[in-house]
J.: 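I'd like to ask you about the structure that follows.
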Amino acid sequence: MNWTQYSESLEGVRRGTEALERLGRVLSGQLAELVESCHEGEEDRALVALCGEAVAKVARRTGWSSLVINPGSTSTKVAVYSGLNLVARDEVYLEPGESDSVERRCEHLLGWLGGLRLSLGELSGIAVRGGFMAPLPCGTYGVCEQMRIDLETAPYRHAANLGVPMALSLARRIDHDIVLTTTDPLTCDELSLARRVTGSPRLMVKGSAAHYLNMRALVRLLGHSLSKAPEELHVAVCHMGGDMSAGRWCEGRFAQVVKVFGHMPSAERSGGLPLDEVLRLAEQRQYTFEEMRGDVLGNKGGLLALAGTTDFRAFVELMSGPLEEPRRRKAEAILEFFVNQAAAAILELFVSDAPLDAVVLSGGLAANEVFFKRLSAKLPLIAPLVRVPGSVEAQALCAGLIKACADPLGRKSYAQTKASQQGQLQRDVQILATPLIERKTPRWDPKAPITSLDELLVAARPHGAALPTIAVCGADNEEALLAARLACASENRLARFVLIGPYAKVSQLAWELDVPIDEENTFILDSTTPVAQGIELLDAGIADILMKGGVMTADILGGYFQYLKARGLSGGRTKLGHIGLFEIPGRSKLVAVSDAAINPAPDVETRLCLLDNAVSAMHKLGIARPKVAVISSIEKPTPKVISSVEGREIAERCKDREDMIIDGPLSVDLALSPECAHEKGYRGRIQGDADLLLVPTLDVGNAIYKAFTVTGGATIAGAVIGGNRPLVLTSRGDSARSKLSSIALALVLAQAGEERKPS
Amino acid sequence: MTDNLKADLLGLSAIDPPARLKGRGPGATLEGYREYLTSCARDSAGLWLKVASELRWDTAPSGLGGPGGWFLGGSMNLAASCLVGEQDALAVLEAGSQGVERFATSDLRTRIGQAVSALRRLALAPRDRVLVSLPLSVDWLACVLACAELGLCCVPVNPHKGAAQVTAFAAAAECRAVVVPDGFEKPAVRFALAASDLRAEGPSNGVGPLPSMHPFLLLSDSAGQMFTIPLAGFMVQAAAAFEALLAPAGEGALWLATPGNYASTLAIAFAALRSERALGLIDPAQLDSPAALWRACETCRPELLVISARTAQIIVETADTPPPPDASLPAFVAVEGEQFEPRCYGALRRIVLGGRAHVVQILGRPEAGGLVAGPQPAVTPIRPSSVCFGAPGLEIAIVDHSGQGSPAGLGGLLALSQSTPALAMELQEVPPPIALEVKARLDHKGYLWTMGETKVLRQAVDLGAGTAEIEALIASLEDVEQVAVVRFQDPTGSCTHAFVKPIRTGQFDVEAATLLIASKAGVAAEGMTFQVVERLPYSRSGKLLRSVLRRVAAGEPMGLDDASLVTDPQTVADLLRR
């Protein structure tokens with residue numbers, strides 16, 4: 001084939017795209033008729049289409065009153081329907097400077113209703129936009145208290161997280177039963193297994209954080225328009241509003257999504273960033289974890305950071321006016337960036353086995369002519385482009401509510417679906433964790449110091465020896481059971497667990513959390529005195545280590561102390577203390593802190609005991625001569641600052657020891673930052689390279705602990721040391737990795753005198 | 001540390017059966033018993049046919065058939081099939097306040113005939129449902145068997161429900177009649193009999209043998225889900241389970257002290273009678289303390305006693321001293337029901353029974369038609385809180401919510417891997433695995449650990465059936481144009497009132513609506529009232545004014561604001577006038 005023949009054929013194909021364009025315009029027109037603004041008092045055609053004829057008939061007979069609530073960042077979009085008729089629609093704003101809360105928004109909403117002479121008592125139901133609860137398949141769910149509880153620990157902050165609490169708050173003010181629903185919340189996740197795989201086995205793609213509500217409604221409206229069942233359509237949908245996301249609808253679900261977070265940029269979020277550059281800047285401490293979080297997940301990135309505004313329309317209008325260089329070039333580059341990102345997201349959705357029936361664009365940017373023209377020019381036309389300005393979220397929420405009233409069985413149970421979805425995700429995790437080819441080369445040198453929590457986990461493995469036994473005191477505790485589950489996972493198996501507590505509760509919780517009780521590696525021991533029972537197991541040599549579950553810290557420590565006393569292991573230089581081992585992003589080795597949890601105000605002698613414990617622990621981690629910084633706020637001792645005087649005394653008394661390198665008093669910056677040490681002209685032996693921070697009081701230790709974890713993004717492994725066995729203390733806020741690492745730390749420390757073996 | 005101490009500390013010590021039971025039952029050793037169970041599961045058809053051949057049929061089945069159609073062509077008279085002993089042989093013992101009353105086979109037949117006569121007078125037709133709310137007694141047994149004689153479907157209910165609950169349940173289950181204890185407030189049902197009414201004289205012929213899959217029992221679980229149990233299938237499975245699980249425990253009197261609405265109670269009762277064991281009946285309400293248990297044992301001298309887990313927990317609560325040395329205790333106590341904590345198990349065995357009785361747990365489920373799992377007491381080591389192995393012919397599995405198998409040790413829902421003859425008729429055609437809505441875990445050694453039921457319902461019952469759901473139900477009726485349902489509080493409690501505008505004036509079937517609501521919304525719509533109206537009150541913006549309707553229903557005075565909202569004030573006046 002020569003060029004002439006080729007280009008003629010290509011031209012022929014391109015002429016065919018005009019037909020696709022025409023199809024796209026026709027479909028756009030059809031959908032526009034459905035979704036165009038409905039006047040108050042009229043039947044909303046989009047709502048009728050989304051309900052379906054049978055349900056619409058019931059709704060007309062019952063005249064259900066529905067309130068629809070869709071919280072945004074500074075306002076709440078509300079609508080009231082009577083049957084299928086729109087009664088009123090508005091956007092209720094917070095006052096400038098007013099703090100945002102569920103109750104404030106409810107008060108404003110009630111004020112709005114009152115202004116329209118509508119009362120909550122007239123309502124049959126409330127439909128709210130759902131935020132980031134547990135991952136769920138799409139559908140309509142009855143709002144329940146568990147949703148509100150799960151939203152308290154939502155992985156992402158979003159205004160939609162307020163929807164469910166608002167519904168519950170309003171329902172409490174009504175003296176009769178009312179139906180509360182949420183439909184296709186942001187947390188939906190219907191991805192297939194193949195779409196979850198990433199290049200790292202640590203990470204799986206989650207499907208949450210896309211505009212499922214609007215996208216799914218548009219697919220159904222498209223199906224209605226074409227008289228085709230939505231399940232038989234194959235459609236790409238891209239929503240371009242304040243946030244942007246896209247999804248490919250296939251076989252009745254969104255099997256592929258391009259998410260809001262970490263993918264498509266938006267008014268306030270950066271979207272995906274080049275990871276190699278991110279890592280480089282992070283290593284140089286020029287891009288902190290908090291900054292990353294703000295750009296990617298928060299409201300610090302995107303158009304706001306690039307152009308100084310969150311208003312796309314204003315930005316595009318700026319470009320249409322006179323603009324001098326270099327501002328014009330910058331504006332042009334930014335606009336092209338957003339257009340390219342949107343086009344790339346849509347093109348990503350073309351990757352599938354079957355051709356797409358249509359590409360649907362919605363949201364404010366779909367209505368913007370400049371943006372739309374540029375975007376459509378970048379998309380190879382192999383499917384009609386359908387444009388639906390705005391969104392149909394209110395109608396989708398209302399339709400979900402009406403269907404739930406008409407058919408209660410169609411309303412999904414959050415608790416059940418959540419459990420089922422968790423089970424499915426767990427199975428996906430297990431499949432992806434299945435080893436394929438056994439790695440024979442050891443990846444870790446047992447003689448080298450442990451410098452990361454990953455190495456700690458490897459060191460904690462039994463390596464052919466019998467599994468140690470950990471007794472969990474108060475195992476009717478979710479955190480403890482989750483930690484046990486992690487430690488029992490086949491690839492990570494670190495220990496056997498005896499779960500001590502009321503049998504029924506522990507059994508039930510283990511059932512809910514999918515903790516296998518196989519009585520080979522996990523046992524339940526029925527007991528109403530879990531601490532005493534745990535001590536008994538320890539004393540009998542059945543348990544090697546105790547772990548805190550739902551019991552009070554003071555109780556388990558007290559019990560453990562009594563055990564030590566009875567064995568003659570307490571008193572003198574035996575002192576229980578806490579060691580926290582921190583993996584801080586950007587540091588090449590772990591940093592230990594002692595004591596941040598047990599001894600509130602230890603004197604010098606006690607601190608020397610704690611130092612001995614901590615140094616002994618560091619030795620077991622392969623650090624032959626740990627660098628110990630005795631922390632104070634100043635380096636020059638002064639009687640006004642007791643910690644500085646004590647720090648000097650401790651350093652003096654230990655300076656000749658061969659098992660450590662110690663200096664003090666030393667401030668935290670000199671202990672951990674070589675640059676600060678250099679800047680301040682510090683000449684001591686630590687030079688910002690400390691392995692262990694010995695803190696003066698629990699307050700100081702705790703503040704450092706929280707600073708590291710909360711703002712520094714550190715992961716901690718913690719244990720109580722000083723007795724003949726370490727004790728595992730995990731707390732509610734600890735991440736899964738932290739819990740597992742704490743168990744690993746205790747196991748490594750308990751392997752006293754044993755050589756670590758290569759994997 | 002020795003293994004025994006370790007096992008003891010972990011509370012999982014396997015308690016071996018007493019030596020004197022050795023050699024009884026279908027397996028002399030644990031391995032033998034496991035092989036027997038495996039062979040039953042592998043050839044469950046063979047098992048059912050074998051057991052069926054040992055029952056008394058009026059017409060023997062020509063073949064097994066399958067789900068929904070077991071025991072082809074077979075027909076059975078249940079009473080005749082159960083009462084196989086000699087006329088004057090001891091059949092039933094009833095423990096009452098006056099001691100133990102003894103009933104021979106002939107006596108029981110007489111009582112059944114009297115009950116048949118009483119029920120016949122109600123002009124009930126075969127397959128009509130009769131609610132039986134009686135304590136465990138001869139009256140109870142006679143009533144249930146009389147229902148079978150007349151082809152009625154018996155609906156046993158816990159006798160401690162109040163009249164209002166019985167009425168609501170009867171409505172939900174569409175019962176034509178109810179039978180309640182003497183002195184009980186008669187429920188507001190068309191036909192209500194007291195226990196003493198069951199001893200009527202008169203014609204006592206039944207309708208004759210019934211086909212194998214005749215709906216014999218309607219049982220419910222604690223979540224209110226109802227299951228119809230077929231006649232012959234129930235009998236065959238009960239007999240198979242009884243032979244393996246309980247018969248080897250002894251040859252003396254078997255005493256039941258479990259609620260009469262338990263599937264296991266009925267299964268054990270009929271199977272025990274069929275095996276010509278004397279069957280003892282104690283109202284479980286009598287066993288409320290260790291002393292009460294010892295007294296009952298002294299009076300009844302059971303060799304085998306079956307109690308519920310709830311009764312066991314009540315007894316154990318006040319257990320602090322062992323029984324007197326000369327106390328007559330059963331050799332074998334079976335605890336039926338939900339999870340029984342190891343601690344309570346230990347207290348029952350060591351304290352209440354003085355270590356002198358072998359205590360095991362068994363599990364029955366209404367939808368599985370009787371006994372589901374238990375030990376083979378002659379050979380199976382007991383693990384406190386577990387229910388040992390599945391009953392013969394029942395292949396147990398643990399599945400998750402999507403029906404996939406859970407690995408051993410990981411929890412899920414108890415399920416049957418294959419259909420059985422006694423499976424509820426609603427589940428007969430369900431492809432396996434058939435989940436039983438019981439949270440459970442199966443360990444590597446085959447022991448089944450349960451932890452209660454899931455409250456999953458397949459109907460709208462108790463799913464918070466609110467006014468909107470009820471409106472949807474009424475709106476689904478063909479003659480309804482518009483409907484609005486309101487709830488309000490009055491001194492009697494929560495009331496539900498429906499305003500219905502029919503398509504054609506005055507033409508609305510209240511009874512049909514009532515039945516529909518009762519069947520779908522259950523007790524949530526108890527005491528509901530209807531008002532047929534010509535129009536409903538709307539505001540100018542077209543909004544239905546439910547607050548006005550609520551005031552009308554509650555008989556409250558109309559506020560000025562309410563009245564002013566209504567487009568047509570005459571509407572309210574019309575509503576009030578009615």
Side-chain angles (χ1 to χ4, degrees), chain A residues 40-41 58 61-65 80 82-83 85 87-88 117-119 121-125 142 175-179 404-409 411 413 416 419-420 423-424 427 498 502-504 507-508 510-512 514-520 522-523 525-528 533 536-537 540-542, chain B residues 1 5-6 9-12 339 341-343 384-385 400-402 404 407-412 439-441 443-445 449 451-452 454 456 458-460 463-469 471-472 475-476 480-484 486-489 536 538-539 541-547 550 561 565:
Chain A
E40 289 169 12
V58 173
R61 285 182 177 183
T62 57
W64 286 315
S65 293
V80 174
S82 177
N85 290 15
V87 173
R117 302 193 72 192
L118 294 168
S119 77
E122 303 294 340
L123 296 176
S124 307
D175 64 359
H176 60 273
D177 58 298
I178 187 168
V179 180
C405 291
D407 175 23
L409 291 180
R411 191 189 334 163
S413 153
Q416 269 183 48
S420 179
Q424 183 57 53
R427 278 190 289 280
V498 177
Y503 186 89
S507 193
Q508 173 95 13
W511 185 90
E512 284 170 15
D514 278 343
V515 178
I517 309 294
D518 56 11
E519 285 156 19
E520 299 280 341
T522 29
F523 304 81
L525 177 51
D526 181 47
S527 174
T528 50
Q533 185 73 81
E536 202 178 318
L537 293 184
I542 294 172
Chain B
M1 190 54 54
L5 178 57
K6 181 173 177 172
L9 280 176
L10 294 177
L12 296 172
Q339 193 180 20
E341 301 220 28
R343 212 173 331 127
S385 224
D400 63 20
H401 277 291
S402 62
Q404 298 205 1
L410 200 63
K439 291 183 262 200
R441 184 188 306 119
D443 70 20
H444 290 286
K445 297 192 167 98
W449 305 81
M451 55 209 84
T454 63
V456 173
R458 295 180 198 88
Q459 300 173 1
L463 253 180
T467 51
E469 285 89 340
E471 282 173 355
S476 68
V480 171
E481 182 182 328
Q482 275 182 308
V483 58
V486 295
R487 270 212 177 112
F488 60 94
Q489 298 293 320
L536 292 169
Y538 283 87
S539 68
S541 61
K543 187 168 48 57
L544 181 62
L545 293 168
R546 290 175 190 282
S547 57
R550 207 166 289 115
D561 280 349
L565 282 175

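We name chains A, B, ... by the order of the sequence lines, and we start the count at 1 in each one. Heavy-atom basis, side chains included; hydrogens, waters and symmetry copies ignored.
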J.: With respect to chain B, which residue among A:Ala510, A:Ser507, A:Ala406 yields the maximal number of heavy-atom pairs within a distance under 4.5 Å?
T.: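 Of the options given, most contacts go to A:Ser507.
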J.: With chain B as the partner, which of A:Thr522, A:Ile517, A:Asp518 has the greatest number of non-hydrogen pairs under 4.5 Å?
T.: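 It is A:Ile517.
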J.: Please rank B:Ser385, B:Ala484, B:Ala408, B:Pro407 by heavy-atom pairs under 4.5 Å with chain A and give me the top one.
T.: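 Looking at each of B:Ser385, B:Ala484, B:Ala408, B:Pro407 in turn, B:Ser385 comes out on top.
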J.: Between A:Trp511 (side chain only) and B:Lys439 (backbone N and O only), is there a donor and an acceptor less than 3.5 Å apart?
T.: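 Such a contact is absent between A:Trp511 side chain and B:Lys439 backbone.
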J.: Give me the atom names and distance for the closest heavy-atom approach of B:Glu341 to A:Asp526.
T.: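 Distance-wise, the nearest heavy atoms are OE1-OD1, 3.2 Å.
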J.: Against chain A, label B:Arg441 side chain, backbone, both or neither, depending on which of its atoms sit under 4.5 Å from a heavy atom there.
T.: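 Contact with chain A: side chain only.
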J.: Looking at every non-hydrogen atom in both residues, tell me the closest pair between A:Val58 and B:Ala472 and how far apart they are.
T.: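 Residues A:Val58 and B:Ala472, closest heavy atoms: CG1-CA, 4.5 Å.
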J.: Quick one: closest heavy-atom pair of B:Leu410 and A:Asp514, and the distance?
T.: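 Closest approach of B:Leu410 to A:Asp514: CD1-O, 3.1 Å.
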J.: Would the distance check show the side chain of B:Arg343 and the main-chain N or O of A:Ser527 forming a donor-acceptor pair, the cut-off being under 3.5 Å?
T.: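 Checked: no pair found.
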J.: Distance check, rounded to the nearest 0.5 Å: B:Met451 atom CE versus A:Gln508 atom CD?
T.: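 Rounded to the nearest 0.5 Å, the CE-CD separation comes to 7.0 Å.
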